[in-house]
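Before any comments, here is the structure.
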Amino acid sequence: MAKHYDVLILGAGMVGIGAALHIQARGRSVAVIDKHTMAGEETSFGNAGLIERSSIFPYMFPRELGPLLRYALNLAPEAHYHLSALPGLASWLLRYWMNSSPAGALRSAKAALPLIERSLSEHEALMQASGSMHLLAHSGWMKLCRSQASFDKAVADAQKLIPYGRAFDVLDGKGVQAREPALRGTFAGGVHLRDPGVVKDPGGLAKAYAALFLTRGGEMRTADARALTQETDGWSLQTHAGPIQARDVVVALGPWSDKVYGPLGYKIPMAVKRGYHMHYAPAEGAVLNVPVLDVEGGYVLAPMLRGIRLTTGAEFAKRDAPPTPVQLEQTEPMAREIFPLGARLDAKPWMGARPCLPDMLPVIGPAPRHRGLWFDFGHQHHGFTLGPVTGRLMADLVTGAEPFTDPTPYAVTRF
Ligand SMILES: Cc1cc2nc3c(=O)[nH]c(=O)nc-3n(C[C@H](O)[C@H](O)[C@H](O)COP(=O)(O)OP(=O)(O)OC[C@H]3O[C@@H](n4cnc5c(N)ncnc54)[C@H](O)[C@@H]3O)c2cc1C
């Protein structure tokens with residue numbers, strides 16, 4: 001006999017757990033399904049932990065000749081591609097390029113703004129409720145610029161944030177040194193973005209939210225989401241602990257969402273930008289106060305509970321191709337130049353995949369051809385940031401409430 005719930009959430013990453021908590025708060029019975037026994041074991045575990053309230057402008061494809069040439073020659077540490085992946089990625093890359101025009105980038109930024117605006121406060125509410133405020137620092141993060149040209153660009157980019165009320169400090173080389181005394185090397189300057197939140201254990205935060213969901217009466221089940229089946233009056237799934245059913249299902253499988261929407265006949269232009277991380281012991285008792293982005297290196301160093309985490313930029317490759325952490329090998333020496341890193345702490349580099357639509361906006365809303373099926377994926381570089389706030393929007397939509405923001409820009413029908 002199948003156990004019945006109002007809503008099944010497929011995927012226990014930050015996005016799925018965010019949706020589960022908000023739908024549960026509307027009085028619905030909810031079960032979360034994952035292939036792992038615990039939440040936050042995949043992409044939501046390995047990121048840089050930034051709650052990106054200052055990322056008003058999404059990561060668009062560069063249009064200047066210099067970066068394009070470096071990308072084409074696979075020389076840029078912030079981006080790497082597999083030649084074998086290019087044929088499959090060509091049409092997605094073309095759409096990404098087209099959406100990266102100044103007008104397209106502005107359109108995406110305006111569409112994402114209502115989500116970005118509430119991203120930190122939605123996290124804070126869940127952190128308060130789950131007793132995990134200690135994982136958050138209101139420290140912001142810093143862009144470090146080795147050259148005057150990149151410093152000028154970082155300052156110009158920061159100035160674009162002024163109309164949106166974001167705060168930042170422009171620092172010369174001495175100012176950078178004063179703020180982060182353990183940094184070494186010569187910097188033209190830095191920009192310290194003050195509004196983002198910083199989380200010292202992203203996977204731990206997802207687990208704290210999942211624990212809150214369980215305490216409030218939710219259930220987590222281990223299952224392969226690919227076994228989802230449509231019934232006359234809803235959906236069913238075989239889990240390790242028996243069959244379950246629900247009227248509504250939310251697909252929140254991050255980079256694996258195609259495993260469910262693909263067989264149901266949806267063609268959605270989602271690709272992944274893979275990324276890696278490695279932890280290091282700080283050498284000589286060095287302290288890094290806030291995460292730093294080495295602009296020329298395209299990597300982030302972030303202080304985490306486990307050590308200093310180096311996260312790499314984007315790798316354009318097939319999601320399931322074997323890991324090729326060349327960007328980690330390229331950037332580790334650069335990171336060692338600017339900060340006293342000790343031994344590697346992980347046996348091998350962690351790899352994850354940012355699920356990306358070509359306009360850098362997520363897909364949130366109903367699946368047009370299947371009653372009771374909902375999409376909530378494609379959160380690109382900002383899924384850790386946006387999980388709770390898009391969870392609220394998903395709850396509005398699933399329960400038929402007035403959505404807190406117009407969901408049209410996130411509808412799958414835009415493709
Ligand atoms: C290197 C790197 C750095 C990043 N830094 C940041 C950052 O600082 N800030 C930020 O906001 N974002 C960052 N991101 C992006 C962010 O991590 C992702 O957008 C976000 O984690 C996506 O969350 P999700 O819940 O959609 O996916 P996931 O966290 O991947 O969750 C999907 C879940 O689906 C489950 N699953 C998959 N297949 C199946 C199946 N067949 N059956 C059952 N379960 C299944 C998985 O086990 C997983 O738990 C970064 C990403 C990378 C790679």
Side-chain angles (χ1 to χ4, degrees), residues 8-20 32-55 58-59 78 115-116 119-120 123 141 196-199 202-203 205-207 209-210 220-228 237-240 250-260 262-263 270 272-278 291 293 298-300 302 304 309-315 319-320 325 327-328 349-357 360 362-364 375-391:
L8 293 188
I9 311 281
L10 307 181
M14 189 50 91
V15 171
I17 294 294
V32 175
I33 305 304
D34 204 280
K35 63 183 176 191
H36 296 290
T37 52
M38 283 190 294
E41 289 286 289
E42 294 285 349
T43 333
S44 299
F45 158 80
N47 56 64
L50 307 177
I51 301 178
E52 293 273 38
R53 249 198 112 238
S54 293
S55 291
Y59 287 90
E78 70 271 23
L115 305 178
I116 294 280
S119 57
L120 184 55
H123 263 290
W141 60 273
V198 173
V199 173
L205 188 64
K207 287 175 179 54
Y209 291 174
M220 279 195 65
R221 300 282 195 108
T222 317
D224 186 342
R226 290 174 298 179
L228 183 73
L237 184 67
Q238 186 63 38
T239 75
H240 291 187
V250 176
V251 182
L253 294 164
W256 297 277
S257 298
D258 61 322
K259 300 274 181 192
V260 167
M270 190 165 78
V272 298
K273 295 188 196 175
R274 305 201 308 183
Y276 299 84
H277 86 217
M278 173 57 66
L293 165 69
Y299 65 89
V300 170
M304 294 275 166
R309 178 180 286 187
L310 188 164
T311 58
T312 65
E315 184 180 57
R319 180 193 55 212
D320 302 326
Q327 288 164 290
L328 185 63
W350 171 88
M351 185 183 79
R354 305 167 180 94
C356 299
L357 283 306
M360 294 294 120
V363 172
I364 300 169
F375 291 155
D376 191 4
F377 51 79
H379 291 58
Q380 38 95 14
H381 294 250
H382 294 143
F384 184 71
T385 299
L386 298 177
V389 67
T390 54

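Whatever order the structure lists ligands and atoms in, that order sets their numbers, starting from 1.
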How does [X] reach ligand 1, by side chain, by backbone, by both or by neither, if only non-hydrogen atoms under 4.0 Å count?
X: Phe384; result: both
X: His381; result: backbone
X: His36; result: side chain
X: Arg274; result: neither
X: Ala223; result: backbone

A side-chain contact here means heavy atoms from C-beta on lying under 4.5 Å apart; do [X] and [Y] qualify?
X: Trp256; Y: Thr43; answer: yes
X: Tyr276; Y: Leu310; answer: no
X: Tyr209; Y: Pro388; answer: yes
X: Met270; Y: Ser257; answer: yes
X: Leu205; Y: His123; answer: yes
X: Leu357; Y: Val363; answer: yes

Regarding Glu52 and Trp141, do their side chains bring together a donor and an acceptor under 3.5 Å, going by distance alone?
yes

Looking only at the side chains, is there a donor atom on one of Thr390 and His379 sitting less than 3.5 Å from an acceptor on the other?
yes

Among all protein heavy atoms, pick the one closest to [atom] and tell me residue, atom and distance.
atom: atom 23 (O) of ligand 1; answer: Ser44 OG, 3.3 Å
atom: atom 48 (C) of ligand 1; answer: Asp34 OD2, 3.3 Å
atom: atom 2 (C) of ligand 1; answer: Arg354 NH2, 3.4 Å
atom: atom 6 (C) of ligand 1; answer: Asn47 CB, 3.3 Å
atom: atom 42 (N) of ligand 1; answer: Ala225 N, 2.9 Å
atom: atom 38 (N) of ligand 1; answer: Trp256 CB, 3.6 Å
atom: atom 24 (P) of ligand 1; answer: Val15 CG2, 3.8 Å
atom: atom 41 (N) of ligand 1; answer: Asp224 OD1, 3.0 Å

Row check, Phe45 ring normal vs Arg309 NZ/CZ: under 6.0 Å, within 45°:
yes

N-O pairing of Glu41 and Lys207 below 4.0 Å
yes

Applying a strict 4.0 Å limit to heavy atoms, is His382 in contact with ligand 1?
yes

So is Glu41 touching ligand 1 or not, going by heavy atoms under 4.0 Å?
no

N/O to N/O below 3.5 Å, does that happen between [X] and ligand 1?
X: Ile33; result: no
X: Tyr276; result: no
X: Glu42; result: no
X: Pro355; result: no
X: Leu50; result: yes
X: Thr43; result: yes
X: Gly11; result: no

Near [X], which atoms of ligand 1 are under 4.0 Å from a heavy atom of that residue?
X: Pro255; result: 30 (O)
X: Gly49; result: 8 (O)
X: Thr385; result: 9 (N), 10 (C), 11 (O)
X: Gln380; result: 15 (C), 18 (C), 19 (O)
X: Met14; result: 25 (O)

Ile364 CD1 to Leu115 CG distance, which is reported to the nearest 0.5 Å:
5.5 Å

Classify the ring geometry between Trp350 and His277 as parallel (under 30°), tilted (30 to 60°) or perpendicular (over 60°).
parallel

I need the single residue from Ser119, Pro202, Pro196 that forms a side-chain contact (heavy atoms from CB on, under 4.5 Å) with Ile51. Which is it?
Ser119

Between Asp376, Thr239, Leu253, Val260, which one has a non-hydrogen atom sitting closest to atom 45 (C) of ligand 1?
Leu253

Asp258 vs Arg319, test: salt bridge (charged side-chain N to carboxylate O under 4.0 Å, His left out). Steps then yes/no.
CA-CA 11 Å; Asp258 61 322; Arg319 180 193 55 212; 2.9 Å; yes

